[in-house]
Amino acid sequence: MAALGGDGLRLLSVSRPERQPESAALGGPGPGLCCWVSVFSCLSLACSYVGSLYVWKSELPRDHPAVIKRRFTSVLVVSSLSPLCVLLWRELTGIQPGTSLLTLMGFRLEGIFPAALLPLLLTMILFLGPLMQLSMDCPCDLADGLKVVLAPRSWARCLTDMRWLRNQVIAPLTEELVFRACMLPMLAPCTGLGPAVFTCPLFFGVAHFHHIFEQLRFRQSSVGSIFLSAVLGQKSIQVWSLEASPSPAFQFSYTAVFGAYTAFLFIRTGHLIGPVLCHSFCNYMGFPAVCAALEHPQRRPLLAGYALGVGLFLLLLQPLTDPKLYGSLPLCVLLERAGDSEAPLCS
């Protein structure tokens with residue numbers, strides 16, 4: 001691919017045999033400026049995303065269909081324009097990714113089927129305990145449940161439900177696009193892949209603080225009850241979604257850990273589809289109701305399912321996200337051009 005012009009920040013070619021330190025690999029204004037531009041760009045994206053939720057002045061709560069529809073519009077506009085921020089960052093820094101912008105952001109066909117299936121399977125394994133709990137508490141058997149899930153009428157009902165569309169489609173797609181596909185390519189050349197996995201979720205966690213403020217604004221709960229609910233975990237699984245409003249500390253911690261996980265998936269697979277599907281699944285499942293499991297009539301097999309799920313997840317995390325399953329990884333190509341050919345997440 002032809003190199004981008006400009007006298008800004010430059011990265012080394014893949015073909016250069018000698019690995020240079022970052023200061024040598026990054027010419028022009030220097031790596032310090034690159035990091036400042038990257039952090040400012042990510043912060044601007046996060047503020048733009050959250051700010052788009054409040055351009056519509058309304059006294060209605062966030063779950064009102066009219067509010068959801070308006071926010072759909074503004075969020076989709078900001079998300080559609082977010083790649084322009086990556087383009088501006090590339091021009092300001094002069095970084096040459098070695099791939100197209102869409103490929104760098106995880107929009108590619110190579111390895112798309114394993115990228116869609118394996119991360120979702122891995123996440124479902126982690127939620128083995130909550131899935132068992134859900135099936136135990138469900139009044140219908142497996143056959144009836146599958147009929148409901150596969151029925152066209154059920155899907156038609158979901159597609160007309162604004163809250164379902166928000167939690168399962170719009171929020172996962174737009175948040176992963178902005179906070180993973182756009183931010184990680186800008187952070188990786190500055191911090192490296194490992195630190196970027198934990199830096200990117202900080203913007204993601206801060207972006208979810210507005211849920212707490214909205215809950216308090218409409219007096220849906222007191223600060224004390226929100227905190228107790230988060231600590232004791234007495235609410236149902238469905239309440240603990242990424243779109244719910246627990247205590248600020250719990251909200252930030254949970255979204256930061258989840259953001260690190262999906263950032264890890266994005267880097268290891270080089271695809272956006274895996275993080276989006278996992279995000280949607282986790283929004284549906286919510287935070288595991290561990291306290292409810294401890295008081296469940298079938299507590300022992302249920303807790304065994306929780307432990308088995310976590311154990312299998314840790315065991316399969318590396319094999320199911322092996323980059324060899326997904327082809328060439330765009331972010332790894334980006335770092336190779338910077339002289340970092342030994343990034344641990346790339347192998």
Side-chain angles (χ1 to χ4, degrees), residues 1-46 48 82-108 176-204 259-260 262-272 275 323 326-347:
M1 182 175 178
L4 297 175
D7 297 323
L9 197 59
R10 297 274 182 188
L11 295 182
L12 290 179
S13 170
V14 181
S15 60
R16 191 177 183 99
E18 296 180 1
R19 181 182 176 185
Q20 301 290 337
E22 185 181 20
S23 58
L26 300 173
L33 181 59
C34 173
C35 289
W36 279 110
V37 172
S38 299
V39 172
F40 180 77
S41 299
C42 292
L43 187 60
S44 299
L45 275 178
S48 299
S82 59
L84 296 179
C85 186
V86 184
L87 278 175
L88 180 60
W89 164 84
R90 189 178 67 177
E91 292 301 317
L92 290 175
T93 61
I95 287 180
Q96 304 173 27
T99 59
S100 69
L101 180 65
L102 289 179
T103 300
L104 189 65
M105 294 172 59
F107 293 96
R108 60 197 188 98
E176 295 306 318
L177 174 62
V178 172
F179 292 94
R180 246 65 71 187
C182 290
M183 289 190 182
L184 281 172
M186 295 190 291
L187 289 173
C190 172
T191 64
L193 292 180
V197 167
F198 297 100
T199 304
C200 184
L202 298 180
F203 300 99
F204 183 61
T262 54
F264 175 84
L265 292 177
F266 180 84
I267 292 173
R268 294 277 287 181
T269 66
H271 282 272
L272 181 62
Y326 309 102
S328 177
L329 302 183
L331 287 182
C332 295
V333 173
L334 174 63
L335 291 190
E336 284 177 2
R337 295 178 67 86
D340 187 2
S341 59
E342 300 177 2
L345 293 180
C346 294
S347 59

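Just so you know, these numbers use all the heavy atoms, side chains as well, and skip hydrogens, waters and symmetry mates. These numbers come from a predicted model, not from an experiment. One is the number of the first residue; the rest follow in order along the sequence.
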* To do: Inspect cysteines C190 and C35 and report if their side-chain SG atoms are under 2.5 angstrom from one another.
  =>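 Taking the criterion (SG atoms under 2.5 Å apart), C35 and C190 satisfy it, so yes.
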
* Asked: Under 2.5 Å between the SG atoms of C332 and C346?
  -> yes

* N/O donor-acceptor pair under 3.5 Å between R268 side chain and S347 backbone -> yes

* Just by modelled atom types, is the M186 backbone N or O under 3.5 Å from a matching donor or acceptor in the S38 side chain? -> yes

Using 0.5 Å steps for rounding, measure from the [atom1] atom of [X] to the [atom2] atom of [Y].
X    : Y    : atom1 : atom2 : value
L184 : C200 : CG    : SG    : 4.0 Å
M105 : L331 : CE    : CG    : 11.0 Å
L265 : L272 : CG    : CG    : 11.0 Å

* Asked: So, R108 and T103: side-chain donor and acceptor under 3.5 Å apart, yes or no?
  -> no

* Go through L177 and F107 one step at a time and tell me if the side-chain contact (heavy atoms from CB on, under 4.5 Å) criterion holds. => CA-CA 10 Å; L177 174 62; F107 293 96; 3.9 Å; yes

* Asked: Do I267 and L329 come close enough that some side-chain heavy atom pair is under 4.5 Å?
  -> no

* Pairwise side-chain contact, L45 with W89, heavy-atom cut-off 4.5 Å (strictly under) ->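 A side-chain contact is absent here, since even the closest heavy-atom pair is not under 4.5 Å.
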
* Asked: Above 12 or not: heavy atoms from other molecules or residues under 6.0 Å from CZ of F198?
  ->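 Open.
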
* **For C182 against P83, the heavy-atom pair lying closest together** =>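 The answer is SG-N, 4.1 Å.
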
